[in-house]
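Heads up: the structure comes next, in structure tokens.
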Amino acid sequence: MSLNTQTDDVENVGEASDSDSERSPLLISPISGIANRGNSYLNQKLKRFQRSLSISSIRREDGRPIFETSGASQRVLGTFAGVFCPIALSMFSTLLFLRGGFVVGQAGLLETYSQLILAYFILVMTVLSICAISTNGAMEGGGAYYMISRALGPEFGGSIGFLFYVAQVLSCALYVVGFVEGVLENFGVGGSFTGNDHGLPNDTDWWKYLYSTVSLFICLIICLIGGAMFARTSAAILLIVVVCTLSVMISIFAKNYRLQIDIPFNNQYIYPNQSNLNQNNTITGNYTGLSATTFRENLFNNYTGDYSTDRQMNYATVFAILFSSVTGILNGANMSGELRDPSKAIPRGTLSAVCFTFCTYFILTTLIAGSCSRFLLINDYVFLQQVNLWKPFVVIGIFASTLSASLGNLIGGSRILQALGNDQLFWSLLKPATITTKSGNPLISVFITWFLSQIVLLVGKLNAIAPIVSVFFLLSYASVNLACLALELASAPNFRPTFNYFSWHTCTLGIIGCMIMCFMISPIYTSISLVLMLILAIILHFRTLPTTWASISQALIFHQVRKYLLILDPRKSHIKFWRPQLLLMVSNPRQSCELMDFCNDIKKSGLYVIGHVKVGKLDDYPTDPVMEETPKWLQLINHMKIKAFVELTLSSSVSEGFQQLVRLSGLGGMKVNTVCFGFYDDTMPTDSLLKTKIRKRKLFGSIDSSQQDFESYFKLPRSNGERHLTVNEYIGLIQDAFKLQKSVFLCRNFQLLNKENILKSNEKLFIDVWPVNFFRPDTASYFDNSCLFMLQLACILTMQSGWKKHTQLRVFLCVNSLSENTGIKEKKLSTFLRQLRIQAKIVIVSFEHLLSHLTADGDHYSAAAAPQSEGELDDVKMHEFAQVPQAYLDGVNSLLQANLNQSAVTFMYLPRPPSSGQNTYTPYLEQLSAISSWSHPTVFVHGLHPVTSTAL
């Protein structure tokens, strides 16, 4: 039967000081040589060594101690002043005195409870993650950004840190607007302490902007003084806020009688005609004192419009207002660079502040719902001062809580910007933000944050800023939870925080809660924020990052790859999903760049290993030379932008080292199935590395080292006849590959392959396949595994990007036109290719004129190569080599060259080396060289196993 297929059925001191190791490694002096000194001298040295082990003496390269004492000028804050006070003040902010009643009036007490519980659930889940991360290492400046970036890596850390910084800027402006709103409600025209005829002018938004600017400038002055001044200020302000809050609670109990409270004149819903306002047409709301009736009336929601923004309220918008006021849980972490002991202060201070503020809000909202009518709650933001025994208490509380919250976000944002600048993620754009005073206060960073907050103030309305503030903070909190979840799932041995009250369940719940509320509040703001974060992550991914951080992505990839490699069972592999798993043997990469790139194209998403054998013995080296050379090879891989692994080995011979590489390359179900060698001939190699362009990113700069690094490391190609292998050793490697059951292909003249010219060609070039063993021409009508393997590799090449557009597969069918039906054979081949889903152009080549050379007797002729009869073909092994006359070789070479027109690469049949002895290796190689003696890239292919399938 003609044209059939024969198928042979990878310890630091203070483990947590991760950033210290990346910025300034520890230096510890060796003490070797002490034992040979005198006893007195030995005792002296031992005492000095003991002193050197004290924590305070371990220093960075710049001479600063790794572990600074509590008296250090930059770390002066404790748990209460540095964490509890900033967080509590920021979480009180606008909700406590300005929006608490509004939330209850719109949502009702039951939904207010649900919103508080939901908000604090998200906060508590995030706090648990913060505590876990902050107790897993030494915290530096930058707070949440520092935690996220060191956990998720620079790409996501930088993008999320930027969004968190924007959230701090927006929040700072929000609280300043809240402060100005409190000022104007009391001291503006028509305010509670002024009449309609006098007070601070507020008839235009520019007056409000002026007051906001002055307020923000006051915050700037306090922040410029420094962190210690801010801490002392926040502690005093918190005391004031607590006193004012207690006065409100006491007043509600003390004033247990009905009051008529005037609705402010700036409420345009109640007073639509603002030009004819006077004291005679004042509208009032009812304060009933603690009343069961009032309590019942305020249990359920009654959403109406907001008189300051004219927007209809609903559950999500009211939640945004509430949540934007309690977003300060990271204010303590933002001060991490100035805390004496961040790992202890952050968990204790944050959890205490969260519990304290939740209890306060729960009690206050309950008292408000039981004492004030809904009409009053919705239409008067500052009704509490009318209820209070002494009105100025509430005014002072409003000013203290909002101004201090603004202070916290201004100084916290400046610390984040400083940390971003120190990490150099955004090139030198943020370098000015790293300028500090002698005490460590980032002056320029404070000014930048102040300026951006000044721009946000143009929005003007508190309830208009609140949704976007909530979205940005929710995304930041989701990122913190994501960082902790990633660390937990990666199961890294070094992730062992001293805070143990968290799990992957808490992290996941925090992420889900944050993302759901983000899209409920504003799908538009959330989508824009996520897109912005993704763009920043992509930019940071493509640029050269001047950091050596441990990225969580690597740990997660390792964890998942290990898991899936265990699942990948080689016993379940199927021919339908076969792909080439290549091992390319490279002696000197400077002369093999084109071949390395070609194998990268032909691997079809399979395993690609570049192997190299260093001849020698480990005893001859002080350390393993392979470990020293591997990074340079990896650098070359990155330089060439090929997706390959590097495997180097040290062995006493190339043959032994090759066997090691074949057996050990890959892991589990991903093992090498094909070996590629360069061709052994007399062609002098060229320095292909010089022809390789330095790969650069067009937009974001180079990620590779300079070309001089490679030129200085890898040896120049040989310029004389000296070789590392003999012919017998080379053929022996091929024989070893077959013994190890690996398919083989030999690549010749690939220094002539110009891929750029192929991909720029205006006309289609051909990938030629000659599925015939020219050393046994009588088998030309039969396809074995080698023929199918050849077709598969050629087809894969035409499927690759670039090659697919500019090349086409061309299959040559060699026929004896005198004795064979050419049309029938062509039709059978066409049908067979169609069954394999291979699109190719079939070219009929008549080679009967070559067969005449095989009938003459000669010294170099093997009778085994003579044409066989149909009945004898079963006994013929198609893959074997048979020596043929030189005249026949010349004829084959001429036939091949005559059909090279517009050919890019030619695939040819590789017969197995003769097994009769090494004396036949030289003729075998010479005859392979003779039929391919042209200046054209050629691939000799021999396959051992089936690689194609016609089944579904």
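Worth knowing before you read on, the calculation uses all heavy atoms, side chains too, and leaves out hydrogens, waters and symmetry mates. Index from 1, following the sequence.
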How are the rings of Tyr730 and Phe677 set to each other: parallel, tilted or perpendicular (split at 30° and 60°)? perpendicular

Which distance, rounded to the nearest 0.5 Å, do you find between the CD1 of Ile842 and the OG of Ser830? 4.5 Å

Hey, is CD on Gln560 packed in by over 12 heavy atoms from elsewhere, all under 6.0 Å? yes

Does NZ or CZ of Arg590 lie under 6.0 Å from the centre of the six-membered ring of Phe714, at an angle within 45° of the ring axis? no

Any idea which heavy atoms bring Asn600 and Lys641 closest together, and the distance? ND2-O, 4.4 Å

Set of residues satisfying side-chain hydrogen bond (donor to acceptor under 3.5 Å, both in side chains) with respect to Lys614, sequence neighbours excluded: Glu629

Looking only at heavy atoms, which two atoms of Arg663 and Lys671 are closest? And how far apart? O-NZ, 2.8 Å

By side chain to side chain contact (heavy atoms under 4.5 Å, CB included) - contacts of Ser761 (at least two apart): Glu763, Leu765

The salt bridge (charged side-chain N to carboxylate O under 4.0 Å, His left out) partners of Arg912 (sequence neighbours excluded) come to none

Give me the atom names and distance for the closest heavy-atom approach of Trp934 to Ile931. CZ3-O, 3.1 Å

Looking only at heavy atoms, what is the nearest atom pair of Met585 and Val675, with distance? CG-CG1, 4.4 Å

Between the side chains of Ser587 and His612, is a donor N or O closer than 3.5 angstrom to an acceptor N or O? no

Looking only at side chains, do Asp784 and Tyr909 share a donor and an acceptor under 3.5 Å apart? yes

Within the 3.5 Å criterion, strictly below it, is a donor on Gln660 or Thr649 matched to an acceptor on the partner's side chain? yes

Hits for side chain to side chain contact (heavy atoms under 4.5 Å, CB included) against Ile575, two or more places apart or cross-chain, chain-then-number order -> Pro946, Ser949

Between Ser786 and Gly943, the two heavy atoms sitting closest are OG-N, 3.0 Å

Which residues satisfy the side chain to side chain contact (heavy atoms under 4.5 Å, CB included) test with Val654, sequence neighbours excluded? Val615, Leu725, Leu733

Sequence neighbours excluded, the answer for salt bridge (charged side-chain N to carboxylate O under 4.0 Å, His left out) partners of Asp681 is Arg748

Tell me, please, which residues at least two apart from Lys572 pass side chain to side chain contact (heavy atoms under 4.5 Å, CB included). Asp569

Residues pairing under salt bridge (Lys or Arg N to Asp or Glu O under 4.0 Å) where one sits in residues 599-613, two or more places apart or in two chains, turn out to be Asp601-Lys755

Indicate the atoms forming the closest heavy-atom contact of Met908 with Thr938, along with that distance. SD-CG2, 3.8 Å

Within the side chain of Asn816, is there an N or O that forms a donor-acceptor pair under 3.5 Å with the backbone of Glu848? no

What's the spacing between Leu607 CG and Leu583 CG if we round to 0.5 Å? 9.0 Å

So OG1 of Thr906 and CE of Met790: to nearest 0.5 Å the spacing works out to 11.0 Å

According to salt bridge (Lys or Arg N to Asp or Glu O under 4.0 Å), does anything in residues 789-803 pair up with another residue at least two apart or in another chain? List the pairs. none

Lys841, NZ atom: more than 12 neighbouring heavy atoms under 6.0 Å: no

Any donor-acceptor pair under 3.5 Å from Glu729 side chain to Thr726 backbone: yes

By ring-ring contact (aromatic ring centres under 6.0 Å, His included), which residues pair with Phe738, not counting sequence neighbours? His942

From CH2 (Trp578) to OG1 (Thr948), nearest 0.5 Å: 9.5 Å

Less than 3.5 Å apart, any donor N or O on the side chain of His945 or Ser743 sitting next to an acceptor on the other? no

Between Ser933 and Asn893: side-chain donor-acceptor atoms closer than 3.5 Å: yes

Student check: side-chain heavy atoms of Trp633 and Val586 closer than 4.5 Å: yes

Return the set of residues passing side-chain hydrogen bond (donor to acceptor under 3.5 Å, both in side chains) with Tyr608 (not counting sequence neighbours), or none when no residue passes. none

Exercise: do Asp736 and Ser655 side chains pair donor with acceptor under 3.5 Å: yes

Go through the structure and list residues passing ring-ring contact (aromatic ring centres under 6.0 Å, His included) with Trp803, not counting sequence neighbours. none

Any side-chain heavy atom of Arg776 sitting closer than 4.5 Å to one from Asn773? yes

